[in-house]
Structures are given as C-alpha cells and as structure tokens.
Amino acid sequence: RPLILKRYPNGIEESFFYQHNFEELPSFAIGYQDGSEQYIVCNNLATLLYMVNLGAIAQNPWHSRIDHSDRPDYIVFDLDPGDVSYDMVCEVAQAIKTVLDDLKLHAYPKTSGASGMHVLLPLRREYSYEQAADFALLIANVVQQKNPEIVTLERALKTRPKKMVYLDTLQNAEGKTASSVWSVRERPGAPVSV
C-alpha cells in the first residue's frame, strides 16, 4: 500500500509534517507513482528502518493496494471520543456492529493507538473510493439515527455536541489514510494501534 508519512524529525515534542512525495528512494524501497507524486511502499525491513530513520513513527497506508489503487479494500469508521469515556466509544462501535450485522456484513474493531477506535469493514475490490465513502456515510447516518444520544456526525468542534462520540467517515475519501494495524503512534509511551 502507498504510505503517507507523518514525520517528526526532532521527536514527538517538536513540529511534524506529512510527506507524500519522494523524489528519490533508496534502491531497496518501492515507489508508487500517482500523478506527479511518488509514494513510498513498505514491503521489507530495510524500508521500515529507512522510514524510522526519517522520523516517521506511524505508518499511514492508503485503503487500497498498488495493483488496484482506485479500489479500496476496506472502509474505516473513525470514532473520535472528544471528552467521553472509552466505554462510550465501545458502545458506538457495538452500534456500528449491530447495523452491519443486520446487513450480514462483518467488521472488525481496531484501536487507533490514541484515544479513539477504528471499525474496519473489508470490501471486495470492486468499488470506487467514492462508492465506499458514500456507503460509509449511509451506515453512519443509520447509526446516528438509532443512537442520537451518543453519536454525532458534526465535524466542526465548535458546533459538535458535548459528551458524544464523533463518527467520522471522511477518512474514506481517496488519498486519505488511517493508522495501520501494529503501527506505533507518536504519543508518550508509544501506544500501538491493534
């Protein structure tokens, strides 16, 4: 999968930047060309160590693979807790599961390595990013309608209701990423997304 690197060249207490384009890559690394940008693809230990040496702590892969870059193979429901307990995040994840179970679809929870949770829904690589994002939003709307006391779809922090979990589906657009499974996060204690 192409990666977007979130680089902390001076440690997690200092500023960071996102790197999409690699003009040059070492001989052991694979690049993926998308328009004018060349993304790095991590498929071996040498590339992983190279990325670590660049100060890229978390791995943030595309939802698609390089052989069908326009066809995601999963949807991400990103649960942002704001100021609520992790128990409420789990409750929202269960609400998503209930809606997907009714459709006979099986999703999987993944801790984000931060304060939230991701729910991953595998897809056959038949659908475009736009179709996947539209479907994710439909599911999110159903979950919010069935759980209006704990789920919000309001993105803006200023107008987001307090004590609710934000159910974010915007990470399903083409070019967006979410932390990878087993990825270390750039936080004190180096938590891991699992």
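This chain uses plain numbering: 1 for the first residue, then up along the sequence.
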- Indicate if Val84 and Val119 have the same hydrophobic cluster label, given that clusters are the connected sets of ILVMFWY residues with side-chain heavy-atom separations under 4.5 angstrom.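 Looking at the clustering, Val119 is in the same group as Val84.
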Salt bridge (Lys or Arg N to Asp or Glu O under 4.0 Å) partners of [range], not counting sequence neighbours, each pair once:
range	value
residues 60-77	Arg1-Asp73, Arg65-Asp73, Asp67-Arg125
residues 87-111	Lys97-Asp101
residues 129-152	none
residues 182-193	Lys6-Glu186

Hey, could you give me each pair passing ring-ring contact (aromatic ring centres under 6.0 Å, His included) that has a residue in [range]? Not counting sequence neighbours.
range	value
residues 65-92	His63-Tyr74
residues 24-45	His20-Tyr39, Tyr32-Trp62, Tyr39-Trp62
residues 98-149	none

- Message: Main chain of Ser183, side chain of Ser179: is a donor-acceptor contact present, judged purely on distance under 3.5 Å?
- Response: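 No, because the side chain of Ser179 does not come within donor-acceptor range (under 3.5 Å) of the backbone of Ser183.
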Sequence neighbours left out, cut at 3.5 Å: what donor-acceptor pairs do the side chains of residues 49-57 make with other protein atoms?
none

- Report the residues that fulfil side chain to side chain contact (heavy atoms under 4.5 Å, CB included) with Leu153, sequence neighbours left out, ordered by chain and then residue number.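 With neighbours one apart ignored, the set is Ala140, Asn141, Gln144, Leu167.
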List, one per line, each side-chain donor-acceptor pair under 3.5 Å for residues 156-165, sequence neighbours excluded.
{"from": "Thr159", "atom 1": "OG1", "to": "Glu154", "atom 2": "OE2", "distance (Å)": "2.9"}
{"from": "Arg160", "atom 1": "NE", "to": "Glu154", "atom 2": "O", "distance (Å)": "3.0"}
{"from": "Arg160", "atom 1": "NH2", "to": "Arg155", "atom 2": "O", "distance (Å)": "2.6"}

- side chain to side chain donor-acceptor pair (under 3.5 Å) partners of Ser128, counting only residues at least two apart: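 Counting only residues at least two positions away or on another chain, Ser128 forms a side chain to side chain donor-acceptor pair (under 3.5 Å) with Gln131.
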- Message: Going by the rule side chain to side chain donor-acceptor pair (under 3.5 Å), which residues pair with Gln19 if we only count those two or more places apart in sequence or in a different chain?
- Response: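 If we apply the side chain to side chain donor-acceptor pair (under 3.5 Å) test to Gln19, skipping adjacent residues, the hits are Arg7.
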- Test side chain to side chain donor-acceptor pair (under 3.5 Å) on Thr169 and Asn172 and set out the steps. CA-CA 6 Å; Thr169 62; Asn172 294 295; 5.1 Å; no
